[in-house]
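Report on one structure; see the data block that follows.
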Amino acid sequence: MKNFIAIIFLILVIASCKNDKNMDAQVSENDSINNLEMSAEVESAESSEPKTYPAALQNVFAAHGGLDTWKKMNNLCFHIKSGNEEEVHTISLKNRHDKIEHKDWTIGNDNNGIWLLKNKVGYEGKPTFYNNLMFYFYAMPFVLADEGTIYTKLPQTELDGRMYNAYKIGFENGVGVSPKDEYIIYINTESNQTEWLAYTVTYKKTETSSDFHFIKYDKWEEINGLLLPEKITFWNVEDGKPTDERNDIRFTDVTITETILEDSVFAKPAEAKYVTE
């Protein structure tokens, strides 16, 4: 992932997420392996070949509503809030086309790449970095079932005074914009729910990083059969461990359904430009 540059968002209301209200976020570009005990074959959403997951991760998926339920869904919309500023995220789950709408700008991803539309001030960060970033954090743990993921079981780990089961997730070469990113998911030993996520930021880099950032998942809500985060909290880190809360992001007006969104929802407007940064 990437080093976090503070992003503050402004009010916006959109039509593509008809039942949602607007959201905002504060993120920065600074914040932003193979397991030997793999078992339980699961049919991949993107391939006819069965994909195997560690049994412990199978239990995590089940605790959040199950992969079968997740794979039935075709679109996701959510809003994020920070003060009076808002933005709306709309995602096509099968192909990961998305659109992030803000009062001053819109970032979209269609069949041809990532585009940016500047309305007023414009977007001050890197659109290719921010594209799908909040979705990836929000859709934990289900995005860990994506093709090209590699799993490694880690020893039980203590975070903030509690022991957790832990798995490291890496990616095969060429997967996504940042294949050198790594994640560690920390699993509640009683509920099997995701409780912490550690992640690295390697945007545009060719090597892995040992600089892990931490997010805590401590408030969940059930939506259409899935247990999804109501908020996530970014923590300060010292000596590789989370120390205290820094800021949180709340997700509101969430919808996740089987409705397939038209390609036109994500199509680049004539005034927008494709971007590579």
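Ile91 is listed as a side-chain neighbour of His89, based on a closest heavy-atom distance under 4.5 Å. Two residues are said to be in side-chain contact when any heavy atoms from C-beta on lie closer than 4.5 Å; Tyr53 and Tyr167 fail this criterion. Counting heavy atoms from C-beta outward, Leu116 and Lys273 have side chains that stay 4.5 Å or more apart. Residues Leu117 and Glu271 have side chains in contact (heavy-atom distance under 4.5 Å, counting atoms from C-beta outward). Asn111 is listed as a side-chain neighbour of Asp263, based on a closest heavy-atom distance under 4.5 Å. Taking 4.5 Å as the limit, every side-chain heavy atom of Trp105 sits out of range of all side-chain heavy atoms of Pro127. With a 4.5 Å cut-off on side-chain heavy atoms, Ile185 and Glu195 do not count as touching.
Closest heavy-atom contact between Gln156 and Thr189: NE2-CG2, 3.7 Å. Residues Pro141 and Thr194 come closest through the heavy atom pair CB-OG1, 3.7 Å. For the pair Ser191 and Ala63, the tightest heavy-atom approach, listed with the atom from each and the gap, is O-CB, 3.5 Å.
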inquiry  = Checking Met73 against Thr69 for the side chain to side chain contact (heavy atoms under 4.5 Å, CB included) test, could you report, in this order, the C-alpha distance in whole Å, the side-chain angles of both residues, the deciding distance, and whether it holds?
reply    = CA-CA 7 Å; Met73 304 303 165; Thr69 303; 4.1 Å; yes

task = Mind running side chain to side chain contact (heavy atoms under 4.5 Å, CB included) on Phe251 and Phe137 for me, showing each step along the way?
result = CA-CA 11 Å; Phe251 301 86; Phe137 288 152; 5.5 Å; no

key: Full working for side chain to side chain donor-acceptor pair (under 3.5 Å) between Lys94 and Asn74   = CA-CA 6 Å; Lys94 294 297 189 290; Asn74 287 304; 3.1 Å; yes

query = Do Asn119 and Asp104 pass the side chain to side chain donor-acceptor pair (under 3.5 Å) test, and can you show the C-alpha distance, the side-chain angles, and the key distance before you say yes or no?
reply = CA-CA 5 Å; Asn119 295 331; Asp104 291 338; over 6 Å; no

message = side chain to side chain donor-acceptor pair (under 3.5 Å), that's the test. Do Asp146 and Thr149 meet it? Break it down for me.
response = CA-CA 6 Å; Asp146 284 357; Thr149 48; over 6 Å; no

task = Report the C-alpha separation of Gln193 and Ile187 in whole Å, then their side-chain angles, then the decisive distance to 0.1 Å, and conclude whether the side chain to side chain contact (heavy atoms under 4.5 Å, CB included) test is met.
result = CA-CA 6 Å; Gln193 292 175 7; Ile187 305 161; over 6 Å; no

task = Could you walk me through whether Tyr183 and Tyr151 pass ring pair (Phe, Tyr, Trp, His ring centres under 6.0 Å), step by step?
result = CA-CA 10 Å; Tyr183 297 86; Tyr151 310 98; over 10 Å; no

query = Between Met134 and Ile249, does a side chain to side chain contact (heavy atoms under 4.5 Å, CB included) hold up when you go through it step by step?
reply = CA-CA 10 Å; Met134 295 312 303; Ile249 294 175; 3.5 Å; yes

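Not a single donor-acceptor pair under 3.5 Å links the side chain of Asn75 to the backbone N or O of Ser92. Asn132 places a side-chain N or O within donor-acceptor distance of the main-chain N or O of Arg96, the cut-off being under 3.5 Å. Not a single donor-acceptor pair under 3.5 Å links the side chain of Thr243 to the backbone N or O of Lys241. With hydrogens and angles ignored, the 3.5 Å screen pairs no side-chain donor or acceptor of His97 with any backbone N or O of Gly108. Proximity of a side-chain donor or acceptor of Asp68 to a complementary backbone N or O of Lys71 within less than 3.5 Å is not detected. Put simply, the side chain of His64 gets close to the backbone of Leu227: a donor and an acceptor are under 3.5 Å apart.
Think of Tyr186 as one node in a network of Ile, Leu, Val, Met, Phe, Trp and Tyr side chains linked at under 4.5 Å; its network also takes in Leu154, Leu159, Tyr164, Ile184, Trp196, Phe212, Phe214, Trp235, Val237.
Atom CD1 in Ile114 sits 5.5 Å away from atom OG1 in Thr128 (nearest 0.5 Å). Taking CD of Glu182 as the reference point, atom OG1 of Thr200 lies at 5.5 Å (rounded to 0.5 Å). Distance check, rounded to the nearest 0.5 Å: CG of Asn112 to CG of Asn109 gives 10.0 Å. Distance CG/Leu197 to CD1/Ile169: 8.0 Å, rounded to 0.5 Å. Summarising the geometry, atom CG belonging to Asn224 is positioned 10.0 Å from atom NZ belonging to Lys72; distances are rounded to the nearest 0.5 Å. Rounded to the nearest 0.5 Å, atoms CG (Asn236) and NE2 (His213) are 11.5 Å apart.
A side-chain donor from one of Asp110 and Tyr274 sits under 3.5 Å from a side-chain acceptor of the other.
The ring pair (Phe, Tyr, Trp, His ring centres under 6.0 Å) search around Phe266 returns none, not counting sequence neighbours.
Hydrophobic clustering places Phe135 together with Ile232 (ILVMFWY residues linked when any side-chain heavy atoms are closer than 4.5 Å, directly or through intermediates). Under the 4.5 Å side-chain heavy-atom criterion for ILVMFWY residues, no single connected hydrophobic cluster contains both Trp115 and Val275.
Of the residues Trp220, Phe78, Tyr217, the one that meets the ring pair (Phe, Tyr, Trp, His ring centres under 6.0 Å) test with Tyr138 is Phe78. Across Thr90, Leu93, Leu76, a single residue satisfies side-chain contact (heavy atoms from CB on, under 4.5 Å) together with Leu261, and that is Thr90.
Annotation: salt bridge (Lys or Arg N to Asp or Glu O under 4.0 Å) contacts involving residues 222-239, sequence neighbours excluded, comprise Asp218-Lys231, Lys219-Glu230.
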